[in-house]
Peer 1: 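Please read through the structure below; I'll follow up with questions.
As the structure lists them, so they are numbered: ligands from 1, and atoms in each ligand from 1.
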Amino acid sequence: MSEVTAQELEILSTKVIAAKEAAYCPYSKFRVGACLLTTSGEFVVGANVENAAYPVGTCAERVAIGTAVVAGHKEFKALAVATDVKPAGSPCGMCRQFIREFTNPSFPVYMYDKDGGYKIMTMDELLPDSFGPEHLSST
Ligand SMILES: O=c1ccn([C@H]2C[C@H](O)[C@@H](CO)O2)c(=O)[nH]1
Ligand SMILES: [Zn+2]
């Protein structure tokens, strides 16, 4: 899989930080933005969308992936997530599994903190020994 270029990273960081503003989070007041870079070079954003019935709310990462998939994108080069805290927030367990479905172990997740700094972790680091689609067909 090809590396994220400096130009792509610049756009990814701008878009993920901007995506936080789209969050609907009146309950937690915790804004999260997400931005996927597709292998075809497109950027798809998401933000967390909460609900008065609290557990029904959806994380930014799953909004971004669902939006990308229904737009026809299932192959990605990178995911960025942005929060207004430091150190940066990282995807919750449910999102890690959701991301895992469409990525490989070396897939990079960029996590941006409130100052625009970031750290990178791979999917294998975020969700080791994970369960995926290939397990369903390996009997
Ligand atoms: O990786 C994460 C972690 C949390 N949230 C959302 C869920 C909820 O709306 C708020 C507080 O948990 O942040 C995300 O969108 N992504
Ligand atoms: Zn989540």
Side-chain angles (χ1 to χ4, degrees):
M1 189 174 292
S2 59
E3 297 284 308
V4 177
T5 67
Q7 189 194 7
E8 286 171 335
L9 186 56
E10 181 77 32
I11 299 169
L12 198 61
S13 68
T14 302
K15 285 186 181 287
V16 75
I17 290 165
K20 279 186 299 192
E21 302 311 313
Y24 173 75
C25 54
Y27 308 108
S28 73
K29 308 231 177 356
F30 189 84
R31 292 183 178 276
V32 185
C35 185
L36 281 163
L37 171 59
T38 72
T39 51
S40 54
E42 285 165 79
F43 295 86
V44 182
V45 297
N48 52 328
V49 180
E50 297 184 346
N51 192 278
Y54 294 177
V56 175
T58 308
C59 295
E61 298 91 326
R62 281 176 288 136
V63 170
I65 291 182
T67 302
V69 170
V70 299
H73 305 293
K74 290 193 220 42
E75 291 179 12
F76 308 110
K77 265 173 93 169
L79 169 68
V81 181
T83 50
D84 284 328
V85 293
K86 192 169 184 171
S90 71
C92 78
M94 186 181 283
C95 286
R96 291 177 193 208
Q97 181 64 34
F98 204 84
I99 299 161
R100 193 275 184 223
E101 181 81 10
F102 301 100
T103 58
N104 61 43
S106 63
F107 182 84
V109 178
Y110 293 73
M111 291 163 273
Y112 285 83
D113 65 32
K114 66 177 171 64
D115 298 330
Y118 67 88
K119 67 173 179 180
I120 308 175
M121 289 180 73
T122 65
M123 271 315 292
D124 193 49
E125 290 170 328
L126 289 169
L127 194 67
D129 294 322
S130 64
F131 184 83
E134 66 274 20
H135 294 111
L136 293 175
S137 55
S138 62
T139 53

Peer 1: Mind checking whether S90 has a heavy atom under 4.0 Å from ligand 1?
Peer 2: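 So S90 counts as touching ligand 1.
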
Peer 1: Around atom CD of E134, are there more than 12 heavy atoms of other residues, nucleotides or ligands at under 6.0 Å?
Peer 2: yes

Peer 1: Consider only side-chain N and O atoms of S90 and R96, and report whether a donor and an acceptor are under 3.5 Å apart.
Peer 2: yes

Peer 1: Given that the side chain starts at C-beta and the backbone is N, CA, C, O, which of these parts of S28 lies under 4.0 Å from ligand 1, counting heavy atoms, or is it both or neither?
Peer 2: side chain

Peer 1: Evaluate the ring planes of H135 and F131, with Trp represented by its six-membered ring, and classify them as parallel (under 30°), tilted (30 to 60°) or perpendicular (over 60°).
Peer 2: parallel

Peer 1: Which label fits Y118 and Y110: parallel for a plane angle under 30°, tilted from 30 to 60°, or perpendicular past 60°?
Peer 2: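 Tilted: the ring planes of Y118 and Y110 meet at 30° to 60°.
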
Peer 1: Students should be able to answer this: which protein heavy-atom is nearest to atom 15 (O) of ligand 1, and at what distance?
Peer 2: A60 N, 2.9 Å

Peer 1: Do L36 and H73 have side chains that approach each other closer than 4.5 Å (heavy atoms only, starting at C-beta)?
Peer 2: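 L36 vs H73: side chains apart.
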
Peer 1: Kindly check if the number of other-residue, nucleotide or ligand heavy atoms within 6.0 Å of CD (E10) is above 12?
Peer 2: no

Peer 1: Quick test: of every protein heavy atom, which one is nearest to atom 12 (O) of ligand 1, and how far off is it to 0.1 Å?
Peer 2: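 Here the closest protein heavy atom is F30 CD2, 4.7 Å.
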
Peer 1: I need the nearest protein heavy-atom contact for atom 2 (C) of ligand 1: residue, atom name and distance, please.
Peer 2: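 The closest one turns out to be E61 OE2, 3.4 Å.
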
Peer 1: For atom 7 (C) of ligand 1, grab the closest protein heavy atom and report residue, atom and distance to one decimal in Å.
Peer 2: C59 SG, 4.0 Å

Peer 1: With respect to D84, which candidate in R31, K29, K20 satisfies the side chain to side chain donor-acceptor pair (under 3.5 Å) definition?
Peer 2: K20

Peer 1: Within ligand 1, which atoms have a heavy atom of C92 less than 4.0 Å away?
Peer 2: 1 (O)

Peer 1: Please state which protein non-hydrogen atom is closest to atom 6 (C) of ligand 1 and give its distance, to 0.1 Å?
Peer 2: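 Of the protein heavy atoms, N48 ND2, 3.6 Å lies nearest.
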
Peer 1: Is it the case that ligand 1 has an N or O less than 3.5 angstrom from some N or O of V32?
Peer 2: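 For ligand 1, there is no N or O atom that lies under 3.5 Å from one belonging to V32.
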
Peer 1: Please list the nearest protein heavy atom to atom 9 (O) of ligand 1 with its residue and the distance rounded to 0.1 Å.
Peer 2: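 The protein heavy atom lying closest is E50 OE2, 2.5 Å.
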
Peer 1: Say whether C95 and ligand 1 are in contact under the criterion: heavy-atom distance to a ligand atom below 4.0 Å.
Peer 2: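 The answer is no: ligand 1 sits nowhere under 4.0 Å from a heavy atom of C95.
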
Peer 1: Compute whether any side-chain donor of one residue and acceptor of the other, for E50 and S28, lie under 3.5 angstrom apart.
Peer 2: yes

Peer 1: Measure the distances from the heavy atoms of G89 to every atom of ligand 1 and state whether one is below 4.0 angstrom.
Peer 2: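 No, that is not the case, since the closest heavy atom of the residue is not under 4.0 Å from the ligand.
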
Peer 1: So, are K15 and E42 salt-bridged, with charged N and O less than 4.0 Å apart?
Peer 2: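 Salt bridge flag = no for E42 with K15.
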
Peer 1: List ligand 1 atoms under 4.0 Å from P91, heavy atoms only on the residue side.
Peer 2: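 The atoms of ligand 1 under 4.0 Å from a heavy atom of P91 are 1 (O).
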
